[in-house]
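Note that the structure is a prediction, hence the values are computed from the model and not measured. Every heavy atom of this structure was used, including side-chain atoms; hydrogens, water molecules and symmetry mates were not.
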Amino acid sequence: MFEREQIYVGKTVLLETEWVLRFSYELSRPVILNALKSSVGLPQVTVEDSPAVAEALDLFETGMDFADALHLASSREAAHFATFDERLKKRADAASPGRRVVLA
């Protein structure tokens with residue numbers, strides 16, 4: 001299908017794909033990262049909110065959980081990103097210092 005069709009991929013599809021590759025197939029982060037980057041980089045693939053997805057993949061590469069990275073990257077227009085997760089805040093502060101992440 002990827003060779004014959006134009007494909008639209010929603011952000012939630014990427015979120016679920018990462019989860020399935022990690023939990024069901026037990027693939028490593030580098031393998032998952034490569035698979036996601038390769039598929040969203042294909043010329044026939046259109047990705048929902050591609051700037052946020054690209055940022056999320058970069059954050060994922062630095063060690064952030066992909067779901068957290070996608071939520072954070074998708075909130076780039078917000079003044080603050082609130083979370084209950086101290087680990088997310090620490091990783092976000094380190095990986096994306098320009099973004100204001102606060103503990104709720």
- Message: One pair to check against salt bridge (Lys or Arg N to Asp or Glu O under 4.0 Å): Glu26 and Arg22. What are the steps and the verdict?
- Response: CA-CA 5 Å; Glu26 299 178 350; Arg22 183 168 30 102; over 6 Å; no

- Query: Among pairs that include at least one residue of residues 94-104, which meet salt bridge (charged side-chain N to carboxylate O under 4.0 Å, His left out), considering only residues two or more places apart or in two chains?
  - Reply: Glu55-Arg99

- Item | Short N-O contact, Arg29 and Glu61, less than 4.0 angstrom | no

- Task: Look at the side-chain heavy atoms of Ile, Leu, Val, Met, Phe, Trp and Tyr, link any pair under 4.5 Å apart, and say whether Leu21 and Phe2 land in one connected group.
- Result: yes

- Item | Taking every non-hydrogen atom, the tightest pair across Leu70 and Ser74 | O-OG, 2.8 Å

- Message: Take a 6.0 Å sphere around OH of Tyr25 and say whether it holds more than 12 heavy atoms from other residues, nucleotides or ligands.
- Response: no

- Message: Taking Val31 as the starting point, is it possible to reach Leu42 by hopping between hydrophobic residues whose side chains are less than 4.5 Å apart?
- Response: yes

- Over all heavy atoms of both residues, which pair between Val45 and Val47 is shortest? Give the atoms and the distance, please. CG1-CG2, 3.9 Å

- Message: According to side chain to side chain donor-acceptor pair (under 3.5 Å), who are the partners of Arg87, at least two apart in sequence or on a separate chain?
- Response: none

- ILVMFWY network linking Met64 to Leu15, side-chain heavy atoms under 4.5 angstrom: no

- Applying the 4.5 Å side-chain criterion to the ILVMFWY set and letting contacts propagate, would Phe23 and Val20 be lumped into a single cluster? yes

- Task: May I ask you to decide whether Lys89 forms a salt bridge with Asp93, counting only side-chain N to carboxylate O separations under 4.0 Å?
- Result: yes

- Where do Pro51 and Arg76 come nearest, in terms of heavy atoms and distance? CB-NH2, 3.9 Å

- Message: Could you report the tightest heavy-atom contact between Ala69 and Ala56, atom names first, then the distance?
- Response: CB-O, 3.5 Å

- Query: Do other residues, nucleotides or ligands put more than 12 heavy atoms under 6.0 Å from the CD atom of Glu5?
  - Reply: yes

- Kindly give the heavy-atom pair with the smallest separation between Val53 and Lys11, and that separation in Å. CG2-CG, 3.9 Å

- Message: Hydrophobic clusters here meaning ILVMFWY residues chained together by side-chain heavy-atom distances under 4.5 Å, can you tell me if Met1 and Val13 are in one?
- Response: yes

